[in-house]
4 protein chains.
Amino acid sequence: MLFHIDTHSSSPIYEQITSQVKEMCYTGLLRPGEQLPSIRELSSQMVVNPNTVSRAYAELERSGLIVTIRGRGTFVAEVLPERSTPRERARLERMLRRQIIDSYYGGLTREQIRDVTEHCLNELEAPHDGN
Amino acid sequence: MLFHIDTHSSSPIYEQITSQVKEMCYTGLLRPGEQLPSIRELSSQMVVNPNTVSRAYAELERSGLIVTIRGRGTFVAEVLPERSTPRERARLERMLRRQIIDSYYGGLTREQIRDVTEHCLNELEAPHDGN
Amino acid sequence: MLFHIDTHSSSPIYEQITSQVKEMCYTGLLRPGEQLPSIRELSSQMVVNPNTVSRAYAELERSGLIVTIRGRGTFVAEVLPERSTPRERARLERMLRRQIIDSYYGGLTREQIRDVTEHCLNELEAPHDGN
Amino acid sequence: MLFHIDTHSSSPIYEQITSQVKEMCYTGLLRPGEQLPSIRELSSQMVVNPNTVSRAYAELERSGLIVTIRGRGTFVAEVLPERSTPRERARLERMLRRQIIDSYYGGLTREQIRDVTEHCLNELEAPHDGN
DNA sequence: GTGGTCTAGACCACT
DNA sequence: GTGGTCTAGACCACC
């Protein structure tokens with residue numbers, strides 16, 4: 001299990017972790033019931049504060065993606081929760097739109113934006129496209 | 001000129017303002033040389049603090065999209081800012097990439113992402129594709 | 001008499017005027033007793049607000065470089081005042097120093113800075129180097 | 001680390017701070033990776049408002065000289081910012097030129113101006129002359 | 001502990 | 001009237 005953390009990114013570290021775990025779950029890289037590394041293990045591997053990993057796990061548990069069993073460890077949930085509500089998807093569309101405008105304004109051409117989009121979509125695993 | 005701010009959004013108000021001004025400039029809603037609402041005017045219309053609008057305008061000026069003239073007001077720049085540096089463009093590509101991944105794993109389908117992208121690009125006026 | 005005004009400059013317009021009048025006086029382009037253009041004349045020629053020219057003239061008069069005779073007009077003083085006190089010169093050195101550091105940091109090489117300096121000094125007329 | 005601010009100066013406090021930090025970086029007083037005083041620390045030491053220091057740090061970060069890491073602090077960048085754009089360099093040359101002219105007509109001799117320039121350039125460490 | 005954002009309100013410089 | 005700077009103090013997110 002490989003994580004990639006950028007301490008200089010504008011998005012918080014705990015979010016980088018949750019986002020990557022989420023991605024691994026939905027692409028099947030992490031299977032239901034599989035055990036996640038412990039907080040201490042992961043934090044030392046990533047060279048981040050254990051509190052930060054702890055917070056990431058807490059958020060993931062709250063969203064139902066993982067479950068913690070006291071004294072045993074942390075595991076991927078047997079049934080994955082719904083990915084999002086229509087409202088959240090509308091929000092994502094707005095954010096994507098804003099990001100594209102910013103990119104365009106910032107100096108990327110239409111072609112570059114299309115290339116990034118296509119390249120990026122092609123790289124993604126194909127999980128539950130429909131839900 | 002209508003602005004819409006969402007006080008519950010996670011992105012700061014000044015960024016919502018800059019984004020909307022950028023958009024207006026590139027969709028042609030704001031024309032080169034046109035005067036923007038004064039800080040006090042906009043701040044009272046939006047019910048936010050003048051400092052917040054001031055910060056948004058300052059960032060827009062720094063990026064070269066608008067020009068302020070001492071004691072007279074704020075205007076859309078006559079010439080669009082020059083092409084950004086490779087480093088900045090790389091940063092924008094990374095951010096766009098991240099946004100697409102988040103959208104996908106947040107529940108948007110490939111088709112929805114392509115649609116938003118195309119729709120958005122089509123709306124934009126042709127500004128600096130060639131410079 | 002030709003003035004050059006940049007409304008986008010960071011230094012105020014009235015200061016651009018006073019600085020240029022001062023320069024003309026000390027280089028001999030404007031001779032003692034010579035009449036300056038009227039405020040209305042100058043303001044319409046420069047396309048700036050008459051109040052701005054008025055303020056510039058007021059400052060010049062306060063520093064003793066020009067004199068206004070009611071109903072007759074504005075004239076260069078017969079005897080030019082001392083150019084500066086040691087304290088002011090120390091201040092100028094500090095500002096120059098700061099500007100050089102900013103230039104260097106901002107991307108100019110040592111050679112470019114030396115070139116600008118030499119080129120600039122060579123262009124200047126040679127008035128009262130000693131005072 | 002000693003800062004000196006002049007509340008009577010015409011240049012804003014936040015600019016006095018950025019200038020001094022720049023200078024410390026380029027004279028080697030501040031080394032890459034080194035931590036800067038925290039905003040609250042510096043603001044109380046200087047007896048200015050934390051917002052003012054915050055603004056100075058923000059500008060320095062924007063120019064790439066320093067890096068702030070969420071919740072940890074502010075550090076001198078490991079790699080110096082890349083070469084600025086031609087437009088920015090032209091702007092710097094104009095400002096330098098103006099400062100030299102003002103210095104000259106403000107009472108400094110050619111020799112004094114050359115001395116300040118050379119002395120100042122010699123103090124600076126060799127940073128990005130080659131990039 | 002760190003920095004980031006926002007408000008409220010003051011004062012100043014410029015046109 | 002315009003924008004720019006600064007203060008005082010609040011609240012939040014992150015580590």
Side-chain angles (χ1 to χ4, degrees), chain A residues 5 7 9-17 43 46-56 59, chain B residues 5 7 9-17 35-43 46-61 66-75, chain C residues 5 7 9-17 43 46-56 59, chain D residues 5 7 9-17 35-44 46-58 60-61 66-75:
Chain A
I5 297 296
T7 47
S9 158
S10 66
S11 68
I13 293 176
Y14 82 89
E15 208 176 288
Q16 296 182 42
I17 299 173
S43 68
M46 288 178 160
V47 199
V48 299
N49 194 303
N51 288 332
T52 308
V53 179
S54 172
R55 170 162 183 187
E59 302 241 335
Chain B
I5 67 153
T7 42
S9 161
S10 66
S11 64
I13 295 175
Y14 76 84
E15 218 174 277
Q16 297 182 42
I17 299 174
Q35 183 161 12
L36 291 162
S38 80
I39 290 179
R40 303 190 225 269
E41 192 181 329
L42 190 53
S43 71
M46 285 182 156
V47 200
V48 299
N49 191 285
N51 285 332
T52 307
V53 178
S54 177
R55 171 165 187 183
Y57 278 14
E59 304 235 332
L60 287 166
E61 173 157 39
I66 69 177
V67 166
T68 80
I69 301 179
R70 227 193 328 289
R72 298 230 263 123
T74 308
F75 305 83
Chain C
I5 297 297
T7 47
S9 158
S10 67
S11 67
I13 293 176
Y14 81 88
E15 208 175 288
Q16 296 182 44
I17 299 173
S43 70
M46 287 178 163
V47 200
V48 300
N49 195 301
N51 288 333
T52 308
V53 179
S54 172
R55 170 161 185 187
E59 302 240 336
Chain D
I5 67 154
T7 42
S9 161
S10 66
S11 63
I13 296 176
Y14 76 85
E15 217 174 277
Q16 297 183 41
I17 299 174
Q35 183 160 12
L36 291 162
S38 80
I39 290 179
R40 304 191 224 269
E41 193 180 328
L42 190 51
S43 70
S44 79
M46 286 182 156
V47 199
V48 299
N49 192 287
N51 285 333
T52 306
V53 178
S54 177
R55 172 164 185 184
Y57 278 14
L60 287 166
E61 174 157 38
I66 68 176
V67 167
T68 78
I69 302 179
R70 228 194 326 290
R72 299 230 262 124
T74 308
F75 305 83

TODO: Using a 4.5 Å cut-off on heavy atoms from C-beta on, say whether the side chain of D:Glu61 contacts that of D:Thr74.
DONE: no
- [ ] Find the distance between CD (D:Gln16) and CD1 (D:Ile5) and round it off to the nearest 0.5 Å.
- [x] 6.0 Å
Task: Under 3.5 Å: donor-acceptor pair, side chain of B:Ser54, backbone of B:Pro50 - done: no
TODO: To the nearest 0.5 Å, tell me how far A:Glu59 CD sits from A:Tyr14 OH.
DONE: 5.0 Å
- [ ] If a protein heavy atom is under 4.0 Å from the base, mark B; if only from the sugar-phosphate, S; if neither, -; do that for nucleotides 2-10 of chain E going 5' to 3'.
- [x] BBSBBBBB-
TODO: Can you measure from CG (D:Leu42) to OG1 (D:Thr52) and round to the nearest 0.5 angstrom?
DONE: 10.5 Å
- [ ] Report, as yes or no, whether the 6.0 Å neighbourhood of atom CZ on D:Arg72 holds more than 12 heavy atoms from other residues, nucleotides or ligands.
- [x] no
Task: D:Leu36 side, atom CG; D:Tyr57 side, atom OH - distance, nearest 0.5 Å - done: 4.5 Å
Open item on the list: With a 4.5 Å cut-off on side-chain heavy atoms, are D:Ile17 and D:Met46 touching?
Closed with: yes
Task: Rounded interatomic separation in angstrom, taking CD from A:Glu59 and P from F:dC15 - done: 11 Å
Task: Intra- and interstrand pairs of DNA chain F - dot-bracket, Watson-Crick/G-U under 3.5 Å, | marks other strand - done: ||||||||||||||.
